[in-house]
**Student:** 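Before we start, here is the structure in question, set down as structure tokens.
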Amino acid sequence: MSMIAAFYGNKSILITGATGFLGKVLMEKLLRTSPHLKVIYILVRPKAGQTLQQRVFQILDSKLFEKVKESCPNVHEKIRPISADLDQRDFAMGKEDMQELLASTNIIFHCAATVRFDAHLRNAVQLNVIATQQLLVMASQMPKLEAFIHFSTAFSNCNLNQIDEVIYPCPVEPRKIIDSMEWLDDTIIEEITPKLIRDWPNTYTYTKALGEMVIQQEGGNLNIAIIRPSIVGPSWQEPFPGWVDNLNGPSGMIIATGKGFLRSIRATPMAVADLIPVDMVVNLTLAAGWYTAVHRPKSLLIYHSTTGGLNPCKWSEMGLQVLASFKKIPFEKAFRRPNANFTTNSLSAQYWNAVTHRAPAIVYDCYLVLTGRKPRMMKLMTRLLKTISMLEYFTNRSWEWTSANSEMLRSEMSPEDQRVTVLTTQAARNRMDCISRYCLPLRKSLAG
Ligand SMILES: CCCCCCCCCCCCCCCCCCCCCCCCCC(=O)SCCNC(=O)CCNC(=O)[C@H](O)C(C)(C)COP(=O)(O)OP(=O)(O)OC[C@H]1O[C@@H](n2cnc3c(N)ncnc32)[C@H](O)[C@@H]1OP(=O)(O)O
Ligand SMILES: NC(=O)C1=CN([C@@H]2O[C@H](COP(=O)(O)OP(=O)(O)OC[C@H]3O[C@@H](n4cnc5c(N)ncnc54)[C@H](OP(=O)(O)O)[C@@H]3O)[C@@H](O)[C@H]2O)C=CC1
């Protein structure tokens, strides 16, 4: 039997961000492979008029959980949602809930974060730094805690080119940033944000770097590991190939290409597109949780969940795959026939934006107005161009991530675990497979 799966049997596990993309896949895999685990506590906030229970029910009712429900029909009983808002002091949690968590938790997976690139620095600091700090305080009061696994990103140090599995210091101490957020007003924070974040491209990557420093400085004697995935894409194998449910990263751009909205993007064709399927990230996470708890490494270990260093895939390869896939199976009701190119300088990008994005949108909106309908294409294009401009930083650079810890982890796994738990290394060998799978699930789940 898998030692990792057996390890999680009989454990009480706390997951933050379980309603998010990675958190859901993590929860599913735990329930499917370790059906004897005691309980999974998930910190959930009510949202969009839905109660906690409605949110959890909707997640468990989704296709992602079909397989686990076959093998574990009482899956609802294993999940204990706890009302919590990570933006609030003590997470606005009830006293009894807090006491239960403190007394019972064996493993923490901290996935919650704001992943928006345009988040206000105050919000990004609150969730990606202060909430992490608060969770560490909680963890230090948990007598049964065996491991604390924190999700960061491979891009937390994207201001560097060569990134090792270590924590790099930030120019300003996290504590100083946290303190300043208390007395500075929003407008001043907006004004000083570019100066604070320096050569980080956005508040997301910057606050993830600060979050790592907080973990290092305030982790105390806790058994901690940090997972740094690169660009997380649809599942490769588990629970079935091609699951994805959001438009983050390349997904939204691929849909926009398939629908004929996106005709050009500023990208360096030879730059590496470091994509990692979500199930590989989850496999690495569960293995790291097991290793951290059982082997109790002397220092905090960081695991890169990346593919580029092993078998790099270029944006040009990805682009060709995407176009070939849409040629084979096109979207219904596309705006235009999918056809796109990469531009490499900002002048030609501006030209293509005017000619292939804005001009057709204006013409189409005029047509809508003339036929008595509401114009909408220019609004959509403006949003798309804003998103492209935020992603450009990542499509025009390459990074090298080392992966010694991930390789060490694999060598520590039992032969059975090595067989059933596909980590980054093998995923990289099948990268084209992962990429071509991007299009089909997106079409199925998001097109409309
Ligand atoms: C030579 C060959 C040539 C071949 C050529 C081929 C060429 C072409 C082929 C294409 C190839 C591929 C190239 C890909 C490049 C991508 C690079 C990715 C790099 C990523 C690096 C990531 C590194 C870090 C990884 C990490 O570490 S963590 C995760 C990273 N974090 C993110 O990825 C969040 C980013 N995003 C945001 O930060 C926010 O998106 C923001 C941007 C602020 C906007 O924000 P805003 O304008 O407000 O818009 P949204 O809120 O997004 O959307 C508002 C509403 O529109 C909806 N909608 C959004 N899109 C779409 C859509 N398309 N279609 C329909 N609906 C949509 C949405 O559903 C929502 O609907 P509603 O809910 O309102 O009903
Ligand atoms: N996706 C990717 O490409 C990558 C992700 N990562 C990291 O992985 C982790 C998970 O990312 P991903 O799943 O994609 O992100 P999602 O945006 O899909 O999920 C974020 C989760 O955090 C929760 N959350 C946000 N704010 C609060 C709050 N105030 N109180 C309680 N919960 C909150 C969300 O809850 P709600 O549903 O209520 O909004 C959601 O469950 C993050 O730490 C991210 O930095 C790293 C590299 C790449």
Side-chain angles (χ1 to χ4, degrees), residues 14-28 41-52 54-56 58-59 62 64 81-93 108-117 119-120 122-132 134-135 149-158 163 202-212 215 226-235 243-253 273-282 284-285 302-307 391 394 399 401 424 438:
L14 167 61
I15 305 181
T16 70
T19 51
F21 175 48
L22 259 158
K24 276 185 263 191
V25 181
L26 175 64
M27 190 159 67
E28 192 278 339
Y41 297 110
I42 58 172
L43 301 191
V44 191
R45 53 181 175 171
K47 205 177 173 189
Q50 285 186 307
T51 63
L52 297 198
Q54 284 169 331
R55 291 198 72 189
V56 174
Q58 196 178 32
I59 291 171
S62 68
L64 179 69
I82 289 178
S83 176
D85 185 342
L86 272 68
D87 282 332
Q88 307 292 323
R89 205 182 163 79
D90 289 332
F91 300 159
M93 237 184 328
I108 296 177
F109 293 106
H110 179 33
C111 296
T114 173
V115 301
R116 290 189 69 90
F117 295 164
H120 192 281
R122 183 191 297 290
N123 299 336
V125 167
Q126 178 59 50
L127 199 60
N128 297 350
V129 189
I130 301 176
T132 303
Q134 281 202 54
L135 196 62
I149 310 301
H150 172 76
F151 276 92
S152 186
T153 160
F155 296 94
S156 56
N157 300 290
C158 58
I163 301 166
N202 51 45
T203 53
Y204 167 66
T205 48
Y206 176 65
T207 53
K208 291 303 270 190
L210 290 177
E212 289 185 3
I215 293 267
I226 296 179
I227 312 294
R228 282 188 189 151
S230 50
I231 304 170
V232 185
S235 56
W243 183 81
V244 67
D245 73 345
N246 68 34
L247 293 170
N248 279 346
S251 305
M253 295 303 107
D274 204 299
L275 303 163
I276 177 89
V278 63
D279 44 341
M280 307 288 146
V281 181
V282 165
L284 180 82
T285 305
I302 295 164
Y303 299 92
H304 283 161
S305 188
T306 54
T307 51
L391 299 179
F394 301 95
W399 289 267
W401 290 277
T424 339
Y438 238 105

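For clarity, every value in this text was computed on a predicted model and none was experimentally measured. Atoms within a ligand are numbered from 1 in the order they appear, just like the ligands themselves. When a residue number appears, it is its place in the shown sequence, counting from 1.
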**Student:** Can you check whether L43's main-chain N or O pairs, donor with acceptor, with T16's side chain at less than 3.5 Å?
**Tutor:** no
**Student:** Please state which part of V115 comes within less than 4.0 Å of ligand 2, counting heavy atoms only: side chain, backbone, both or neither.
**Tutor:**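 Answer for V115: side chain.
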**Student:** Go through the structure and list residues passing salt bridge (Lys or Arg N to Asp or Glu O under 4.0 Å) with R55, not counting sequence neighbours.
**Tutor:**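 Applying salt bridge (Lys or Arg N to Asp or Glu O under 4.0 Å) to R55 gives none.
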**Student:** Between ligand 2 and G23, is the shortest N or O to N or O distance under 3.5 Å?
**Tutor:**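 Such a contact does not occur with ligand 2.
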**Student:** Does D85 have a non-hydrogen atom less than 4.0 Å from ligand 2?
**Tutor:**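 Yes.
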**Student:** Measure from the ring center of W401 to the ring center of Y303 and say whether it is less than 6.0 Å.
**Tutor:** no
**Student:** Between Y204 and ligand 2, which part of the residue brings a heavy atom under 4.0 Å of the ligand: side chain, backbone, both or neither?
**Tutor:**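 Only the side chain of Y204 comes within reach of ligand 2.
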**Student:** Run the contact test for A154 against ligand 2 with a 4.0 Å cut-off on heavy atoms, strictly below, and give the result.
**Tutor:** no
**Student:** I need the atoms of ligand 2 closer than 4.0 Å to a non-hydrogen atom of D87, numbered in the order shown.
**Tutor:**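 Contacts of ligand 2 toward D87, numbered from 1: 29 (N).
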**Student:** Would you give the length of the straight line joining atom CD1 of I15 to atom CG of L26, rounded to the nearest 0.5 angstrom?
**Tutor:** 4.0 Å
**Student:** Would L22 count as a polar contact of ligand 2, with the cut-off being nitrogen or oxygen pairs under 3.5 Å?
**Tutor:**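 There is such a contact, yes.
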**Student:** Flag the pair F117 / F394 as yes when their ring centroid distance falls below 6.0 Å, and as no otherwise.
**Tutor:** yes
**Student:** Which of the atoms of ligand 2 are close to A112, meaning less than 4.0 Å from one of its heavy atoms?
**Tutor:** 22 (O), 23 (C)
**Student:** Which of the atoms of ligand 2 are close to F21, meaning less than 4.0 Å from one of its heavy atoms?
**Tutor:**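 Those of ligand 2 that fall under 4.0 Å from F21 are 13 (O), 14 (O), 18 (O).
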**Student:** Hey, what's the ring geometry for H150 with H110, parallel, tilted or perpendicular (30° and 60° as the breaks)?
**Tutor:** tilted
**Student:** Check whether any heavy atom of C111 sits under 4.0 Å from an atom of ligand 2.
**Tutor:**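 Yes.
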**Student:** Could you please spell out the steps behind the side-chain contact (heavy atoms from CB on, under 4.5 Å) verdict for W243 and V25?
**Tutor:** CA-CA 9 Å; W243 183 81; V25 181; 3.4 Å; yes
**Student:** Is there a nitrogen or oxygen of N248 sitting under 3.5 Å from a nitrogen or oxygen of ligand 2?
**Tutor:** no
**Student:** Relative to ligand 2, is A131 under 4.0 angstrom through side chain, backbone, both or neither, heavy atoms considered?
**Tutor:** neither
**Student:** Nearest heavy atom to atom 37 (O) of ligand 2: which of Q50, R45, R55, K47 does it belong to?
**Tutor:** R55
**Student:** Using a 4.0 Å heavy-atom cut-off, which part of R228 comes near ligand 2: side chain, backbone, both, or neither?
**Tutor:** neither
**Student:** Any idea which atoms of ligand 2 are less than 4.0 Å away from a heavy-atom of S230?
**Tutor:**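 In order of numbering, the contacting atoms are 47 (C), 48 (C).
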**Student:** So for ligand 2, is L86 a polar contact partner (N or O within less than 3.5 Å, distance only)?
**Tutor:**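 Yes, since at least one N or O of L86 sits under 3.5 Å from an N or O of ligand 2.
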**Student:** Under 4.0 Å, counting heavy atoms only: does T114 come that close to any atom of ligand 2?
**Tutor:**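 The answer is no, since T114 has no heavy atom less than 4.0 Å from ligand 2.
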**Student:** I'd like to know if the side chain of N123 reaches the main chain of Q126, judged simply by a donor and an acceptor atom lying under 3.5 Å from each other, with no hydrogens or angles considered.
**Tutor:**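 No, N123 side chain to Q126 backbone: no donor-acceptor pair under 3.5 Å.
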**Student:** Out of G17, P229, A113, whose heavy atom is nearest to atom 20 (C) of ligand 2?
**Tutor:** A113
**Student:** Can a donor-acceptor pair be found, under 3.5 Å and without considering hydrogens, that links the side chain of K208 to the backbone of A154?
**Tutor:**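 Side chain of K208 to backbone of A154: no pair is present.
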**Student:** Partners of K24 by salt bridge (Lys or Arg N to Asp or Glu O under 4.0 Å), sequence neighbours excluded?
**Tutor:** D245
**Student:** Given side-chain contact (heavy atoms from CB on, under 4.5 Å), test I59 with M27 step by step and report yes or no.
**Tutor:** CA-CA 11 Å; I59 291 171; M27 190 159 67; 4.2 Å; yes
**Student:** What part of L43, side chain from CB on, backbone N/CA/C/O, both or neither, has a heavy atom under 4.0 Å from ligand 2?
**Tutor:** neither
**Student:** Under 4.0 Å from a heavy atom of T19: give me the atoms of ligand 2 that qualify, with their elements.
**Tutor:** 34 (C), 35 (O), 36 (P), 37 (O), 38 (O), 40 (C), 41 (O)
**Student:** Heavy-atom distance under 4.5 Å between the side chains of T306 and W399, does that happen here?
**Tutor:**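 Of all side-chain heavy-atom pairs linking W399 with T306, none is under 4.5 Å.
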**Student:** Report yes or no: does a heavy atom of S152 sit under 4.0 Å from some atom of ligand 2?
**Tutor:**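 So S152 counts as touching ligand 2.
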**Student:** Using modelled atom types and a 3.5 Å cut-off, is there a donor and acceptor pairing between side-chain atoms of N128 and backbone atoms of T114?
**Tutor:**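 At least one qualifying donor-acceptor pair exists.
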